[in-house]
*Asks:* 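Sharing a structure, written as structure tokens. Questions coming.
As a basis for the values below, the full set of heavy atoms in this structure was taken, side chains included, without hydrogen atoms, waters or symmetry mates.
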Amino acid sequence: MEERKYFRKERTPLEPVHLFTSQVPTNLSEAYGGIREVVSADPSFGTAWKLGGTTATTQRIFNVDKLYFGALHKCEVAVLPARAPTFPTFELKGEAEIAIRIAPSAMNLLEGETAIRSALPSALFDSWCVALELPSSPIGNLVECGLLALVADRCAAGFLALGRAREIDDAIDWTSSKIRIEQNGEVIASGGADALVWTPDECGRAFLLEALAQGFKPKPGQWISTGGATPCVPYNRGAEISVFYNDNEELRFIAGSEV
């Protein structure tokens, strides 16, 4: 009897997982197809999307030259949380990212590849914010299993903390961003949007195209977290984590759930 394929439906499992070859989807279409079924069964999925393959590091690790993505559930996303994550996770680590929100004006553009490719960023996205993405995967042999297992794991979905929303400006200079993460007042990671292979809005555009190609239906109001602007670093449970953008504090929370 063939072993069941792995597709993550729940929040981050708390027990370690080891995948056998027979449990890994055989191709990208199957990997996204399994997750598409998960997302379609619960409308609270797709509150936000997390991107991978948007930095040189993730492209190298998973041997890709285009982005991949995972769907986040409503319970896995919070705006300016006092604690993050708000539930126990298998891992406690994170990276600062730029998140952008799909605009209401994009509704009529989301069905057509040509329209998405030619639209101004402000026609596709209405807001952006600094975010902290806290990935969590229970799969011990994830890198060995590769991209197909990662996609089936909802791209190591953990938790997404969103900062204060700002209006999208077509002329924004993403390359000038300086982002740092502090733990109990000490800098533990730094970077900027220039760590991405493409600008955040172009990452968002590429996501919309890939999501449509894989049969997903992104909607206005959903956030897209565009990839690691800083390295992903571990946090101490109970530590105070702050994220700064050009020296302005955007997020501050206690790492780890109370439970």
Side-chain angles (χ1 to χ4, degrees), residues 1-42 44-73 75-77 84-95 97 132-161 189 207 210-211 214 216 225-228 230-237 255-257 259:
M1 180 173 152
E2 186 178 357
E3 198 146 11
R4 205 169 185 181
K5 302 290 186 183
Y6 174 89
F7 298 107
R8 167 117 71 97
K9 299 178 182 179
E10 71 238 79
R11 293 189 319 202
T12 174
L14 300 180
E15 296 298 323
V17 172
H18 180 92
L19 292 184
F20 296 100
T21 302
S22 59
Q23 294 175 282
V24 179
T26 54
N27 54 54
L28 199 56
S29 178
E30 183 183 19
Y32 278 123
I35 294 301
R36 195 170 59 246
E37 289 185 15
V38 172
V39 171
S40 299
D42 186 344
S44 289
F45 275 111
T47 296
W49 306 84
K50 57 167 296 186
L51 307 187
T54 57
T55 67
T57 298
T58 53
Q59 287 193 353
R60 183 178 67 254
I61 291 173
F62 291 101
N63 191 30
V64 296
D65 59 6
K66 68 177 185 176
L67 61 77
Y68 47 88
F69 63 89
L72 296 180
H73 191 273
C75 71
E76 299 169 331
V77 184
T86 54
F87 50 83
T89 50
F90 188 80
E91 301 178 279
L92 185 57
K93 61 184 182 180
E95 59 193 31
E97 305 196 356
L132 195 79
E133 200 265 311
L134 296 101
S136 181
S137 176
I139 303 174
N141 59 336
L142 181 60
V143 173
E144 175 190 338
C145 290
L147 177 63
L148 300 177
L150 181 59
V151 169
D153 194 46
R154 291 198 286 118
C155 289
F159 192 80
L160 180 65
F207 159 72
E210 182 66 9
Q214 297 297 342
F216 292 82
S225 203
T226 58
T230 70
C232 190
V233 293
Y235 303 137
N236 298 325
R237 188 170 302 278
S257 67
V259 179

*Asks:* Determine the minimum heavy-atom distance between Glu15 and Pro138, stating which atoms define it.
*Replies:* O-CB, 3.5 Å

*Asks:* Kindly indicate whether the side chain of Glu91, heavy atoms from C-beta on, has any atom under 4.5 Å from the side chain of Pro135.
*Replies:* no

*Asks:* Could you tell me the separation between the SG atom of Cys145 and the NE2 atom of His18, rounded to the nearest 0.5 Å?
*Replies:* 6.5 Å

*Asks:* Restricting to non-hydrogen atoms, name the atom on Ala31 and the atom on Leu148 that form the minimum distance, rounded to 0.1 Å.
*Replies:* CB-O, 3.8 Å

*Asks:* If you measure from CG on Leu160 to CH2 on Trp49, what distance do you get to the nearest 0.5 Å?
*Replies:* 13.5 Å

*Asks:* How long is the span from the CD atom in Glu210 to the CG atom in Leu51, to the nearest 0.5 Å?
*Replies:* 10.5 Å

*Asks:* For the residue pair Cys232 and Glu95, what are the closest heavy atoms and their distance?
*Replies:* CB-OE1, 3.3 Å

*Asks:* Distance from Arg8 atom CZ to His73 atom NE2, nearest 0.5 Å?
*Replies:* 12.5 Å

*Asks:* Applying ring pair (Phe, Tyr, Trp, His ring centres under 6.0 Å), run through Phe69 and Tyr32 and close with a yes or a no.
*Replies:* CA-CA 9 Å; Phe69 63 89; Tyr32 278 123; 4.5 Å; yes

*Asks:* Please round to the nearest 0.5 Å and tell me the distance separating atom CD1 of Ile35 and atom CG of Asp153.
*Replies:* 8.0 Å

*Asks:* Looking only at side-chain N and O atoms, does Ser136 offer a donor or acceptor that is under 3.5 Å from a partner on Thr12?
*Replies:* yes

*Asks:* Ignoring hydrogens, what is the shortest heavy-atom contact between Ser137 and Ala156? Give both atom names and the distance.
*Replies:* CB-CB, 3.7 Å

*Asks:* Give a yes or no answer on whether the side chain of Lys5 reaches the backbone of Val24 with a donor-acceptor pair at less than 3.5 Å.
*Replies:* yes

*Asks:* Is there a donor-acceptor pair closer than 3.5 Å between any side-chain N or O of Tyr6 and the backbone N or O of Ala149?
*Replies:* no

*Asks:* Charged N to carboxylate O below 4.0 Å: is that the case for Arg154 and Glu76?
*Replies:* yes

*Asks:* Shortest non-hydrogen contact from Ala189 to Pro231?
*Replies:* CB-O, 4.0 Å

*Asks:* Is there a donor-acceptor pair closer than 3.5 Å between any side-chain N or O of Glu97 and the backbone N or O of Leu132?
*Replies:* no

*Asks:* Please report the interatomic distance OH(Tyr68) to OG1(Thr54), rounded to the nearest 0.5 Å.
*Replies:* 7.5 Å

*Asks:* Using distance alone, with no hydrogens and no angle criterion, decide if Glu133 and Ser225 have a side-chain donor and acceptor under 3.5 Å apart.
*Replies:* no

*Asks:* Closest heavy-atom contact between Gly256 and Leu92?
*Replies:* N-CD1, 3.9 Å

*Asks:* Quick one: are Asn141 and Ile139 in side-chain contact, heavy atoms under 4.5 Å?
*Replies:* yes

*Asks:* Would you say the side chain of Asn63 lies within less than 4.5 Å of the side chain of Leu147, judging by non-hydrogen atoms?
*Replies:* no

